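Predicted model only: the values in this text are computed from it and were never measured. All chains are named by letter (A, B, ...) in the order of the sequence lines, taking the proteins before the strands, and each is independently numbered beginning at 1.
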There are 2 protein chains.
Amino acid sequence: MSVKKKIVRIKDIAERAQTSKGTVDRVLHNRGRVADDVRERILAIIKELNYEPNLIAQSLKSQRAFNLAALVPDPDLDSYWEAPRNGLEKAEKELRQYGVHVTKFIFNSHEEGSFIAKAREVTREHPDGLLIAPIFYKEALPFFKEWTEMGIPYVLFNTQIEHVGPLCYIGQDSYRSGCLAAKILRFGLHTPGTVLVAHVNEDISNSAHLITKEEGFRDYFKGENLADTFKVISSEINFPDEEGPDRQLDEIRKKNPDLNAIYVTNSKAFEVAAYLEKNGLTDIKLIGYDLVEHNQEYLKKDVIHFLINQNPLGQGYWGIHQLANHLIFKKEIQPIKFLPLDIITKENLDYYLDPQ
Amino acid sequence: MSVKKKIVRIKDIAERAQTSKGTVDRVLHNRGRVADDVRERILAIIKELNYEPNLIAQSLKSQRAFNLAALVPDPDLDSYWEAPRNGLEKAEKELRQYGVHVTKFIFNSHEEGSFIAKAREVTREHPDGLLIAPIFYKEALPFFKEWTEMGIPYVLFNTQIEHVGPLCYIGQDSYRSGCLAAKILRFGLHTPGTVLVAHVNEDISNSAHLITKEEGFRDYFKGENLADTFKVISSEINFPDEEGPDRQLDEIRKKNPDLNAIYVTNSKAFEVAAYLEKNGLTDIKLIGYDLVEHNQEYLKKDVIHFLINQNPLGQGYWGIHQLANHLIFKKEIQPIKFLPLDIITKENLDYYLDPQ
DNA sequence: TTTAAAAAAGTGTTCGAGCACGCAATGGGA
DNA sequence: TCCCATTGCGTGCTCGAACACTTTTTTAAA
């Protein structure tokens with residue numbers, strides 16, 4: 001017997017309280033102008049009937065526009081940023097019904113000045129909410145203060161920054177991420193040797209999360225009596241576009257002939273993979289991050305053995321959704337939303353490329 | 001300059017076509033009684049303006065109730081089925097606004113008769129849609145025919161059955177799943193030896209997907225010149241609750257002293273793990289499926305090295321959503337929705353336990 | 001040409017919540 | 001007593017789509 005569930009409406013409450021829906025409405029929204037005894041009676045009935053507003057009718061009526069801003073690096077300069085853009089566009093599409101519109105402010109991920117200029121633009125725009133990839137730590141700080149004062153909620157993603165009062169952070173637990181990388185490499189290491197942590201083409205001073213990854217990685221190899229078997233070294237490998245990492249890697253291999261695994265802490269594993277392939281180094285295990293096209297190629301060729309997916313698409317997607325949850329649906333927001341550490345191989349790659 | 005994005009309404013289309021919203025409505029719903037030339041004009045305008053109906057207004061108006069049924073095994077008898085239940089309850093909660101209500105029909109996963117009885121109940125109830133875990137292949141077939149005739153769309157999950165005309169299947173690609181398990185084990189295997197595929201406490205005759213997993217697993221070890229290095233054997237290991245798999249596993253080890261890896265094709269890896277732990281067999285690699293509690297324990301103790309998550313929660317969740325997409329939102333449904341093959345270790349387990 | 005039937009097109013109400021508006025009752029000051 | 005401000009409360013329109021209902025136009029038969 002499937003009985004149709006009764007929905008409690010404002011009108012029902014009004015009838016029961018022998019008053020009108022206008023009055024109930026005023027009580028619900030604390031708009032005042034209601035006699036105390038009537039308010040008490042209405043509140044009691046609301047509780048008794050367990051009234052829950054019909055979100056559908058609610059959002060149909062309100063129809064207000066929510067202008068969100070997204071401050072993200074240019075995907076044309078670093079293809080890693082394509083995914084967050086797709087994610088936020090997907091969320092925007094879903095939420096357009098609710099009046100959400102996202103304006104993108106694209107900056108050059110290699111120039112602090114460009115970031116500052118775009119951040120200023122955001123301030124001028126005065127959006128209802130902001131999604132930001134704060135890859136320039138120092139430069140971003142004063143803006144956080146400003147936006148907080150202006151009452152603009154902002155969601156951080158990709159790079160975790162503590163104590164700046166964002167609505168929430170979306171991304172990975174960098175420390176755990178390092179542990180996981182270590183665990184996987186260790187599972188595939190058959191002989192004692194040296195393991196390299198490589199920070200490729202990234203300014204470490206602005207990227208605390210890469211350091212955190214290294215910590216997690218090193219701590220794993222410190223535990224479980226692995227310290228005697230494996231030596232962990234780390235290196236910043238920077239080079240201009242035309243060159244490759246060849247010179248630096250040659251040097252490292254000369255110093256450590258027993259090098260048998262490399263952990264690349266960002267999406268640039270393909271640079272190392274190209275080097276390994278060129279030199280026929282098939283017995284060095286390689287693990288890196290993110291499903292950018294070049295990484296996928298080498299993953300399919302088994303030059304890169306595993307990739308950890310930071311789910312950049314999900315970061316963009318959930319970032320916009322968190323803002324919507326806060327602004328539109330008035331939901332409580334968890335200050336940290338860690339996304340899963342997805343382990344990717346040739347065999348399960350497909351499922352992580354285009355979500356549903 | 002943030003211009004408010006114009007939303008295209010039926011009325012807008014009507015105005016542009018110099019007709020009334022009633023006519024546009026008839027065109028949109030193929031209700032006929034519209035002159036051909038007018039219909040053409042309206043369709044052109046709909047395309048041009050890229051009209052998308054406002055789902056909010058739509059569902060506010062219709063307010064009809066959708067009674068869905070879920071035919072699933074009892075979680076109290078096999079805790080694996082807790083997750084699908086949670087998933088479908090989560091989906092139900094999200095969709096309650098749209099009038100969705102899910103009635104659960106719980107059967108005993110060890111008794112065909114119980115399945116048949118509950119399936120009959122479903123038929124009697126005549127729901128608007130059905131989500132079903134068809135673990136009893138032979139017994140389910142006649143019901144599929146019946147439900148098709150009654151016009152009840154049904155979504156299969158967990159077990160893929162071909163050619164019965166479901167709305168869609170939700171679950172994993174079993175073949176790929178086997179390949180992946182092989183790939184991971186092989187990555188950790190340092191010495192030649194024997195690899196066991198174990199079907200634990202499951203009636204193979206009713207579980208084609210376990211066979212498919214084994215195929216994928218074997219094919220991986222056939223490729224890449226691994227056939228000389230590793231021997232793959234398989235075995236059905238069945239035992240009553242009080243006993244363990246000890247006798248059978250002892251025997252297998254006696255015949256294959258070089259056994260160095262075991263692949264359990266269902267969620268019962270913990271049974272094998274208990275055996276390995278008891279006998280101190282720390283150098284046998286073990287991989288299995290699903291995050292049931294016992295598996296988690298042994299994963300944390302590193303007795304189980306990896307688990308592949310079949311995302312049973314997601315299966316329940318998406319199953320209900322697919323029905324809703326079909327019934328309420330009239331979306332085109334892909335006949336197969338493969339869920340990702342998530343690789344789980346101790347380090348990333350947390351992120352897969354409670355979704356978002 | 002008239003007329004009825006059929007086809008085509010237009011109008012108006014409904015869903016539940018939000019909010020503007022307006023009316024009635026009360027109170028205080030002159 | 002009159003006037004106006006304040007408080008309390010009710011009415012009615014709106015959002016966009018769905019659909020029942022009415023009105024207009026066309027077509028075919030007499």
Does D:dG10 have OP1 or OP2 sitting under 4.0 Å from an N or O in the side chain of A:T19?
-> yes

Spacing between B:D25 atom CG and C:dT14 atom P, to the nearest angstrom | 17 Å

Would you mind reading off the distance between B:K61 atom NZ and C:dT13 atom P, rounded to a whole angstrom?
-> 13 Å

D:dC15 phosphate, OP1 or OP2, under 4.0 Å from A:Y98 side-chain N/O = no

Do A:Y154 and A:T148 have a side chain donor and acceptor closer than 3.5 Å?
-> yes

For B:L55 and D:dA17, give me the distance from atom CG to atom C1', rounded to whole Å.
-> 11 Å

Donor-acceptor pair present, A:K21 side chain and C:dG18 base, under 3.5 Å = yes

Establish, with yes or no, whether the OP1 or OP2 oxygen of C:dC19 is under 4.0 angstrom from a side-chain nitrogen or oxygen of A:H29.
-> no

Do A:R26 side-chain and C:dG18 base share a donor-acceptor contact under 3.5 Å?
-> no

Taking the six-membered ring for Trp, are B:W81 and B:F157 parallel (under 30°), tilted (30 to 60°) or perpendicular (over 60°)?
-> perpendicular

OP1 or OP2 of C:dG18 sitting under 4.0 Å from any side-chain N/O of A:Q58?
-> yes

How long is the line joining CD of B:Q18 and C1' of C:dG10, in whole Å?
-> 15 Å

Kindly say whether B:Q310 contributes a backbone atom to a donor-acceptor pair with the side chain of B:Q315 at under 3.5 angstrom?
-> yes

Any residue meeting ring pair (Phe, Tyr, Trp, His ring centres under 6.0 Å) with A:Y80, in chain and number order, not counting sequence neighbours = none

When we call it a touch if two heavy atoms are under 4.0 Å apart, what does B:N54 touch: a base, just sugar-phosphate, or nothing?
-> sugar-phosphate

Whole angstrom value for the distance that separates P of C:dT14 from NZ of A:K11 | 9 Å

Sugar-phosphate only, base, or nothing, as touched by A:R9 at under 4.0 Å among non-hydrogen atoms = sugar-phosphate

In a check of side-chain contact (heavy atoms from CB on, under 4.5 Å) between B:I320 and each of B:L95, B:N325, B:V155, which one passes?
-> B:L95

Just to confirm, is there a sub-4.0 Å distance from OP1 or OP2 of C:dG10 to any side-chain nitrogen or oxygen of B:T23?
-> yes

Here the distance between atom P of D:dA18 and atom CG of A:L60, to the nearest Å, is 12 Å

Which part of the nucleic acid, if any, lies within reach of A:I10 when heavy atoms closer than 4.0 Å are counted: base, sugar-phosphate only, or nothing?
-> sugar-phosphate

If you measure only the distance, is there a donor-acceptor pair under 3.5 Å linking the side chains of B:E94 and B:Y317?
-> yes

Between B:A57 and A:L28, which has a closest nucleotide on DNA chain C that is more 5'?
-> B:A57

May I have the distance from B:R33 (atom CZ) to D:dC21 (atom P), rounded to whole angstrom?
-> 14 Å

First encountered from the 5' end of DNA chain D, between A:G22 and A:D36 = A:D36

Among C:dC19, C:dA17, D:dT11, the one nearest any side-chain atom of A:Y51 is C:dA17

Rounded to whole Å, CZ of B:R41 lies from P of C:dA8 at a distance of 14 Å

